[in-house]
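A quick write-up on the structure given underneath.
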Amino acid sequence: MEKRNKKQEILEAALELFSIQGFEATSVSQIADAVGIRKASLYSHFESKQAILDALVKKVLKQYAAHSIFSKDNWEKNDGALPETSDEAVKMIQGQIRYILHDPSISRARKMLVIEQFQNPELARLQTKQNYSDVMKYFTELIERLIRRGVLADEGPEIMAAQLCLPISVWINLCDREPDREQEVMELVEKHIRQFFRLYQLKPQ
């Protein structure tokens, strides 16, 4: 039990440091100091700094898959509750934004990826996957399903997905830099989603 708790402390301290100064700039000694243990003791839990990073990525991805609307599991569980109105879409998307902004692990992991994307090829690929590819795939599939249900007009699901989700990604990045603008961003997100539905939602016959 004690060893598992100490491993968790190491992971949390490492993620905090990685999110502030990056993986490359953080030393094993700094992580050990943050936990309050000797460097040698840290190596009894993780064989290297890379092993800490690998464990962090695995842990955060598992957590994200369990809670994110973008995960395949959540897609399958929530297929019967697609957001077919602007009210439902606003509630769903704002909830996701709050989760990724305020969950400590998700927020710190995202900041770490931003820092490391230009110097660590592995994390650059993960940044692209998490913050572009998976998001576009989710929203494209969402729009395809809403088109099939007769909720939205078919004006090209991929470009419609880009129009819907990419401005939101920019606003999330803004909140990371300027957290006090979150309320402003939430209001913009709501206006943006409602406008999207006004443009593309089919009128009842």
Side-chain angles (χ1 to χ4, degrees), residues 5-28 30-36 46 49-75 78 89-139 164-190 192-193:
N5 288 342
K6 191 58 66 177
K7 287 187 75 167
Q8 182 62 29
E9 287 181 40
I10 292 168
L11 290 175
E12 290 174 358
L15 183 56
E16 174 71 13
L17 289 166
F18 294 163
S19 72
I20 295 170
Q21 56 194 37
F23 172 75
E24 296 296 340
T26 300
S27 68
V28 172
Q30 287 176 309
I31 299 170
D33 288 344
V35 179
F46 294 98
K49 188 172 69 165
Q50 183 63 46
I52 295 173
L53 178 63
D54 292 343
L56 272 175
V57 169
K58 182 178 180 180
K59 177 177 180 288
V60 171
L61 289 179
K62 182 178 179 181
Q63 178 184 344
Y64 195 67
H67 296 95
S68 172
I69 62 172
F70 305 136
S71 76
K72 185 175 184 293
D73 288 344
N74 279 330
W75 236 148
N78 295 319
V90 166
K91 181 179 179 181
M92 181 192 77
I93 293 171
Q94 284 186 335
Q96 177 70 10
I97 293 171
R98 290 188 181 97
Y99 165 63
I100 63 177
L101 286 178
H102 295 290
D103 181 274
S105 295
I106 298 301
S107 176
R108 289 170 184 155
R110 192 174 63 258
K111 292 172 184 175
M112 175 186 70
L113 291 178
V114 169
I115 293 171
E116 290 296 319
Q117 63 184 316
F118 299 112
Q119 50 196 9
N120 185 314
E122 176 191 357
L123 295 183
R125 287 190 293 272
L126 184 58
Q127 164 79 332
T128 298
K129 180 180 185 298
Q130 290 295 107
N131 294 300
Y132 177 74
S133 303
D134 286 357
V135 175
M136 276 294 294
K137 181 179 179 182
Y138 172 85
F139 276 100
L164 179 57
C165 73
L166 296 185
I168 295 172
S169 295
V170 172
W171 286 323
I172 290 171
N173 291 336
L174 175 62
C175 284
D176 283 337
R177 293 189 300 274
E178 302 182 40
D180 59 336
R181 299 183 70 174
E182 182 178 338
Q183 183 57 41
E184 172 193 350
V185 162
M186 286 299 187
E187 292 170 4
L188 286 169
V189 167
E190 179 173 357
H192 172 63
I193 294 168

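Because only heavy atoms are used, hydrogens play no part in the values below, and waters and symmetry mates are left out as well, while side chains stay in.
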Next item on the list: Go through the structure and list residues passing side chain to side chain donor-acceptor pair (under 3.5 Å) with Lys59, not counting sequence neighbours.
Entry: none

Notebook entry, point to check: What pairs with Phe23 under ring pair (Phe, Tyr, Trp, His ring centres under 6.0 Å), at least two apart in sequence or on another chain?
Noted result: Phe18

Check: Does the side chain of Leu164 come within less than 4.5 Å of His192's, by heavy atoms?
Finding: yes

Notebook entry, point to check: Rounded to the nearest 0.5 Å, what separation is found between the SG atom of Cys175 and the CD1 atom of Ile100?
Noted result: 9.5 Å

Checklist line | With Glu122 via salt bridge (Lys or Arg N to Asp or Glu O under 4.0 Å) - residues at least two apart | finding: none

Notebook entry, point to check: Is the shortest heavy-atom distance from the side chain of Arg125 to the side chain of Pro121 under 4.5 Å?
Noted result: yes

Check: Stepwise, does the side-chain contact (heavy atoms from CB on, under 4.5 Å) test hold for Asn131 with Ile172?
Finding: CA-CA 10 Å; Asn131 294 300; Ile172 290 171; over 6 Å; no

Note to self: Please check: side-chain N/O of Gln94 versus main-chain N/O of Met186, any donor-acceptor pairing under 3.5 Å?
What the structure shows: yes

Margin query: Would you compute the distance between atom CG of Leu126 and atom CE of Met112 and round it to the nearest 0.5 angstrom?
Written below: 7.5 Å

Note to self: As an exercise, state the distance from CD of Glu9 to CD1 of Ile31, rounded to the nearest 0.5 Å.
What the structure shows: 13.5 Å

Note to self: Do Val90 and Val189 have side chains that approach each other closer than 4.5 Å (heavy atoms only, starting at C-beta)?
What the structure shows: no

Note to self: How long is the straight-line distance from CD of Gln127 back to CD1 of Ile115, given to the nearest 0.5 Å?
What the structure shows: 11.0 Å

Note to self: How long is the straight-line distance from CG of Leu123 back to CD of Glu24, given to the nearest 0.5 Å?
What the structure shows: 8.5 Å

Next item on the list: Take Leu15 and Ser105, measure what side-chain contact (heavy atoms from CB on, under 4.5 Å) needs, and give me the verdict at the end.
Entry: CA-CA 8 Å; Leu15 183 56; Ser105 295; 4.3 Å; yes

Checklist line | Residues forming a salt bridge (Lys or Arg N to Asp or Glu O under 4.0 Å) with Arg181, sequence neighbours excluded | finding: Glu178, Glu184

Check: Can Gln50 and Asp54 be counted as having a side-chain donor-acceptor contact under 3.5 angstrom?
Finding: yes

Check: Short question: side chain of Ser107, backbone of Asp103 - any donor-acceptor pair under 3.5 Å?
Finding: no

Checklist line | Nearest-0.5 Å distance that lies between atom SG in Cys165 and atom CD1 in Ile193 | finding: 11.0 Å

Next item on the list: Using the side-chain contact (heavy atoms from CB on, under 4.5 Å) rule, take Ile93 and Glu190 through it: C-alpha gap first, then chi angles, then the decisive distance, then the call.
Entry: CA-CA 9 Å; Ile93 293 171; Glu190 179 173 357; over 6 Å; no

Item checked: Non-neighbouring partners of Gln117 that pass side chain to side chain donor-acceptor pair (under 3.5 Å), sequence neighbours left out -> none

Margin query: Quick one, Leu11 and Phe46 - any side-chain contact, counting heavy atoms below 4.5 Å?
Written below: yes

Item checked: side-chain contact (heavy atoms from CB on, under 4.5 Å) between Glu16 and Thr26, worked out -> CA-CA 10 Å; Glu16 174 71 13; Thr26 300; over 6 Å; no

Next item on the list: Could you check if a side-chain atom of Glu187 sits within less than 4.5 angstrom of a side-chain atom of Gln183, using non-hydrogen atoms only?
Entry: yes

Note to self: Once ring pair (Phe, Tyr, Trp, His ring centres under 6.0 Å) is applied, do any residues pair with Tyr99, and if so which ones, sequence neighbours excluded?
What the structure shows: His67

Next item on the list: Answer yes or no: is there a side-chain heavy-atom contact under 4.5 Å between Val114 and Asp176?
Entry: no

Next item on the list: Kindly indicate whether the side chain of Tyr138, heavy atoms from C-beta on, has any atom under 4.5 Å from the side chain of Val135.
Entry: no

